[in-house]
Amino acid sequence: MPVRALAAAAVLTAGDARAAAPVRVEFHFQPVPEAQMAIWLEDQAGRHVADVLVTQATGKLGIANRPGHWNFLSSWRAPYGPRVSVLPVWAHRRGKTYPRIVFYDDPDQDSLGWHENTSSAENYFCRPLEEWEQEMVAVDTKTCPSPKSFKTDKGAFAATGTTSVYPPRNDLLHRDDLDSEDVGVFAALNDLDAVTAATPSGEAPEFVVMVLSPEVLAHGPLTAFVEINREHDENRHWDFDRETDHFVDPRLARYGIEYLGQPSVVYRVEFDPLRRGFHGSAEYVGYGDWDGATGTLHPPDGTISESDGSGADRLRVVTLNGDTFRWGVFSYGDGHDPDPGDGWGHHCAPRVLAPVTGLAARSVAFDEVELSFEIPAQGDPAFELADVRVYQISGDQPLTPDMLGSAQEIPVALDSLAPPGQRSTVTVRELWGDYTYQFGVVYTDGCAQRSALASLGFTTEPQRFQTVEGFCFLATAAYGAPWTAQVAALRAFRDFFLKESATGVDLIRFYYAHSPPLAAAVAREPLLGGLARVVLQPFADAGAVVTWAKTRGPAGPDR
């Protein structure tokens, strides 16, 4: 049975030691694809002891603490709207709070657009999508459209001093001049580096390895929790409507799809880490608030689905070493008992893991890069490869170990890799064309011991279709954002029609010289924005026609 492992570092917590040595524990599960998860430990009194894992969209990319209404519509890598309902039981039980993030562009807290004056280059999130685009991008290509022309308002701390139980994003290495000064401390506030991991693929069973320190063991028998959620997982009890249950931006009403569905589901098992053995459960113990308002764990009441990958079946049934479960924990104990040959493995010996060798990259497509490398042969028959993590981050700055907390992680299936001593390949997808990325590889053994980082830089090839660059100040102010269909059509009118004549070029120069002050006024006054749209709409319509003719006709560009 193929198993991919994620490894978490030992965690220190206050308490009196019960054991002189750390204890290795494995957490086993198989989630559905594209799920958000958190795993944590509590003591017998219900107090939070340690975090084990949180998926990176929540732990690193800050999807639960970002600007906008909490029920903003979603889309592929939606940039705005805090998903406070993602993992509320875990978030509240941690007992930690962070400053709440709101739009830095203060007057437009309730809009997807009109944030250009406070928006900077975006590392990860995509522009909002219309429903037809969502289907094309999220299901088909999984590539952000026009990333170089999309920027985001990274937000600022709420002036009221209100807080969130979720951390801000941790992937911003640099603060742009257009960003709030608060952006510079987002990463310092995020304390989940050690336990954040890529979202599991959901294609096979997974396990997380954690080494519990004596300080954690001092808490005595523990309870291991897992909370799992997935967007738009509806059933007849939890049925939401796009127009009435979500916030639809009235000025950009076509953008976004609904995301609400059944709330997060929680499983738990009790175990004593000092005693070797497995503990599993196939029954969920409750679910979180549908709106993330509190950390209440609601008991099962028949409203949660339990099949077809929905609701409680977001964790699939797994059979391993004779045990059948959805959520399972195996502890190797304090080492005093001999290995009983139960299939779970041996106790650990310290070792130094050399980094991967021969790391190289080649372009597969504008949005795909194939990485190749070799995990060194270990020369030890007891060696177990538990996890391989591939990191990526955009920019020219070489990737270093202290930057891994900000880098995105790529899930890697262990059964897709060659054995140590042979060359392996991993394809990294969902990249942006003509961007420079830094890639890194780290592997972990079954004892949660990690190798040193190996890294390299690589620039993706340009996307092979005609792009229209440039900033349309007045049009953007009138229609709300440079990614709207009307602004794109006006760019096309400029590039396909005006640039073809000397008079048109003069008009373009005049526009760029004099439109910024007018655009600022239009952005502030809804009445002026409406008048601007009346004037510009005929040109947008003409641009749409010209674009259609250029891209659909026999002489159109390579698409």
Side-chain angles (χ1 to χ4, degrees), residues 8-15 25 27 29 31 35-60 62-65 70 82-100 162-168 170 189-197 208 210 212-213 215-230 262-273 279 281 283-301 304 312 314-315 326-329:
V11 178
L12 301 180
T13 309
V25 177
F27 305 87
F29 53 92
Q36 290 298 303
M37 295 179 55
I39 300 172
W40 73 99
L41 301 175
E42 294 184 4
D43 64 16
Q44 291 177 294
R47 294 182 293 256
H48 179 275
V49 171
D51 291 310
V52 178
L53 175 144
V54 59
T55 41
Q56 66 179 348
T58 302
K60 181 172 294 187
I63 65 165
N65 188 11
W70 74 273
R83 299 295 181 249
V84 294
S85 59
V86 59
L87 299 168
V89 178
W90 161 78
H92 283 87
R93 289 199 179 196
R94 294 182 71 227
K96 297 185 179 182
T97 59
Y98 309 85
R100 186 171 68 89
T162 54
T163 60
S164 169
V165 291
Y166 296 97
N170 189 28
L189 291 172
N190 189 311
D191 55 351
L192 295 172
D193 284 0
V195 297
T196 298
V208 177
M210 186 176 192
L212 304 186
S213 69
E215 289 82 359
V216 171
L217 298 172
H219 289 272
L222 300 170
T223 301
F225 288 87
V226 60
E227 184 173 16
I228 184 167
N229 206 348
R230 190 182 188 189
Q262 296 175 77
S264 64
V265 174
V266 177
Y267 288 81
R268 56 172 282 172
V269 294
E270 298 179 1
F271 72 106
D272 185 345
H279 300 270
S281 175
E283 304 296 329
Y284 76 101
V285 296
Y287 59 88
D289 282 349
W290 72 275
D291 59 357
T294 73
T296 301
L297 183 59
H298 303 276
D301 56 12
I304 303 297
R314 295 172 189 149
L315 284 185
R326 295 183 190 270
W327 172 234
V329 179

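These numbers were taken from a predicted model, which means no experiment stands behind them.
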Quiz item: What is the distance from atom CG of Leu87 to atom CD1 of Ile228, rounded to the nearest 0.5 Å?
Solution: 9.0 Å

Quiz item: Atom CD in Gln56, atom CG in Asn170: separation rounded to 0.5 Å?
Solution: 11.0 Å

Quiz item: If you take all heavy atoms of Ala64 and Pro82, which pair is closest and at what distance?
Solution: O-CB, 3.4 Å

Quiz item: Considering only heavy atoms from C-beta outward, does the side chain of Tyr98 approach that of Asn190 to under 4.5 Å?
Solution: no

Quiz item: So, for Tyr287 and Pro263, which heavy atoms are closest and what is the spacing to 0.1 Å?
Solution: CD1-CG, 3.4 Å

Quiz item: Angle class for the Tyr267/Tyr284 ring planes (parallel below 30°, perpendicular above 60°, tilted otherwise)?
Solution: perpendicular

Exercise. Using a strict 4.0 Å threshold on nitrogen-to-oxygen distance, state whether Lys96 and Asp51 make a salt bridge.
Key: no

Practice problem: Measure up the Trp327 and Phe27 rings against each other and bin them: parallel (under 30°), tilted (30 to 60°), perpendicular (over 60°). | Solution: parallel

Quiz item: Hey, what do you get for CD (Glu42) to CZ (Arg47), rounding to the nearest 0.5 Å?
Solution: 10.5 Å

Quiz prompt | By side-chain hydrogen bond (donor to acceptor under 3.5 Å, both in side chains) - contacts of Arg326 (at least two apart) | solution = Asp313

Quiz item: Which heavy atom in Pro99 sits nearest to a heavy atom in Asn65, and how many Å separate them?
Solution: O-ND2, 3.1 Å

Self-check item: Point-to-point distance, once rounded to the nearest 0.5 Å, from CD of Glu283 to CZ of Arg268
Solution: 14.0 Å

Exercise. For Trp290, check side-chain hydrogen bond (donor to acceptor under 3.5 Å, both in side chains) against everything at least two apart and list the hits.
Key: none

